[in-house]
Amino acid sequence: MSGHVLVINAGSSSLKYSLVDAKTGEAAATGLVERIGEEQSHHVHHGPTGDFDDDQAVADHEAALEAAVRAFETHGPALADVDIVAVGHRVVHGGDRFAAPALVDDELIAAVTDLVPLAPLHNPANLEGIEVARRLLPDLPHVAVFDTAFHQTLPPYAYTYAVPSSWQDEYGIRRYGFHGTSHSFVSGQAAGLLGRKLEDLNLIVLHLGNGCSATAVRGGKSVDTSMGLTPLEGLVMGTRSGDLDPAIHGHLARVAGRSAEETDRALNSESGLKGLTGANDFREVSRRRAAGDERAQLGFDIYCYRLRKYIGAYYAVLGRVDAIVFTAGVGQHSAEVRAAALSDLESLGIHLDPVRNADPTDQIASTEDSAVAVLVIPTNEEWEIARQALDVVRR
Ligand code: ADP
């Protein structure tokens with residue numbers, strides 16, 4: 001085997017890994033250790049010689065990666081038998097320091113540490129994953145691939161908030177955008193599907209998973225995106241509010257005595273579909289809506305209405321749109337969301353084909369003569385991280 005990358009995505013209490021062939025995207029093995037540090041953890045590993053499933057306690061990220069290495073030995077493929085060219089690490093926030101993936105060294109670790117205030121939940125966990133992996137796999141090059149990097153091409157008028165300009169210099173306050181590896185990956189796939197060069201295409205990419213974001217992509221470059229300083233801004237998400245009036249923080253502090261942290265937590269964890277309907281999982285919202293639940297119906301309407309507003313905004317940003325691309329769990333699987341977000345937009349050249357849209361095997365959901373193609377493309381962030389890591393080590 002050749003050209004494999006071990007892709008690591010370390011969260012605060014989880015470690016997800018995948019051994020990916022950077023050329024084909026095929027995963028030789030995948031695994032996930034969850035509930036790290038709790039009394040009962042959960043480790044699953046899918047390898048070529050079978051699946052491993054274990055509930056023993058895993059104390060920390062080091063123990064999690066050690067367990068992963070053992071699972072490779074027992075359920076394949078043994079890491080020594082694979083030509084691993086790099087370890088690719090997902091890093092959420094690269095600030096304005098990283099517009100591209102980069103080789104991990106002490107300087108990079110210091111820079112990602114400096115960015116912790118911008119991503120206090122994510123960057124420390126990502127760093128932990130990098131440090132543990134460097135200790136356990138010291139002979140391999142490690143590459144950091146940033147969620148924010150794809151959006152470093154935004155022009156200043158798109159990334160600058162209308163606040164005192166010193167805030168950007170002093171506190172780094174600006175739009176960064178997230179889900180960059182996904183937006184980048186599906187943009188490339190869209191060009192392949194349309195049989196056209198990415199440089200010639202204007203795309204609106206809608207990543208609708210637990211987190212949701214929209215990006216306007218011109219010629220393969222992100223020119224605007226809905227997530228901002230943090231992944232809270234923009235579309236309605238599973239548990240995040242997306243856009244709202246920034247005065248809400250101050251108002252709740254005055255009338256309800258709520259601290260900034262309390263409101264922050266509620267907007268990140270108790271809002272979005274969960275706040276509106278009681279359920280953050282879109283399939284559950286769909287079930288309740290189908291059963292006539294009014295809150296689920298309103299939540300669905302708000303979710304799709306926000307999407308529609310971003311599609312309209314990014315249409316105006318791009319001037320001409322060649323394709324609207326739906327990806328991630330909801331984007332890929334919910335024909336009803338695509339239909340609601342794109343209904344009655346024929347005057348913009350968007351013609352959804354109801355039969356193709358409802359067919360889960362069809363990646364094209366628009367009619368033959370639609371000026372704007374509507375595409376449904378599965379994302380594959382692990383493959384994109386593997387490709388970017390390979391590019392860095394082969395440079
Ligand atoms: P993440 O952002 O965590 O990677 P996913 O891309 O897996 O998340 O998306 C998760 C969301 O996709 C959940 O809200 C889930 O309910 C939704 N989803 C998954 N399958 C379907 C489906 N068949 N129909 C509608 N929604 C779905």
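Both backbone and side-chain heavy atoms feed into the values below; hydrogens, waters and symmetry mates do not. Both ligands and their constituent atoms are indexed starting at 1 by order of listing. Note that this is a predicted model, so its numbers are computed, not measured.
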key: Protein heavy-atom partner closest to atom 16 (O) of ligand 1 - residue, atom, separation in Å   = D281 OD1, 2.6 Å
message = Centroid separation under 6.0 Å, is that true for the rings of H93 and H122?
response = no
request  = Could you tell me whether F282 and ligand 1 have an N or O pair separated by under 3.5 Å?
outcome  = yes
task = State which residue, out of V217, V317, I311, T215, fulfils the side-chain contact (heavy atoms from CB on, under 4.5 Å) condition with I204.
result = I311
Cut-off 3.5 Å, no hydrogens considered: what does the side-chain donor-acceptor table look like for residues 288-308, sequence neighbours left out?
from : atom 1 : to   : atom 2 : distance (Å)
R288 : NE     : E284 : OE2    : 2.9
R288 : NH1    : T277 : O      : 3.0
R289 : NE     : Q297 : OE1    : 3.0
R289 : NH1    : E336 : OE1    : 2.9
D293 : OD1    : R295 : N      : 2.9
D293 : OD1    : A296 : N      : 3.2
R295 : NE     : L276 : O      : 3.4
Q297 : NE2    : D301 : OD1    : 2.9
Q297 : NE2    : D301 : OD2    : 3.4
R306 : NH1    : G234 : O      : 2.9
R306 : NH1    : S241 : O      : 3.3
R308 : NH1    : A340 : O      : 3.3
R308 : NH1    : A341 : O      : 3.0
R308 : NH1    : S343 : O      : 3.0
R308 : NH2    : S343 : O      : 2.9

message = Are Y176 and H151, when compared by the centres of their aromatic rings, separated by less than 6.0 Å?
response = no
ask   = Between R265 and E262, does at least one N-O distance fall below 4.0 Å, as a salt bridge requires?
value = no
key: Geometric N/O contact A328 with ligand 1, under 3.5 angstrom   = no
inquiry  = Please tell me if atom 6 (O) of ligand 1 is touched by the protein, where touching means a protein heavy-atom distance below 4.0 Å.
reply    = yes
task = Looking only at distances, please establish whether an N/O atom of ligand 1 is found under 3.5 Å from an N/O atom of R283.
result = yes
ask   = Considering only protein heavy atoms, which is closest to atom 24 (N) of ligand 1, and at what distance to one decimal place?
value = H333 CB, 3.5 Å
ask   = So which heavy atom in the protein is nearest atom 17 (C) of ligand 1, and how far is it from that ligand atom?
value = V330 CG2, 3.7 Å
query = Looking at residues at least two apart in the chain, or sitting in another chain, which of them share a side chain to side chain donor-acceptor pair (under 3.5 Å) with H45?
reply = Y17
inquiry  = Which residue and atom name correspond to the protein heavy atom nearest atom 4 (O) of ligand 1, and how close is it?
reply    = N210 ND2, 5.0 Å
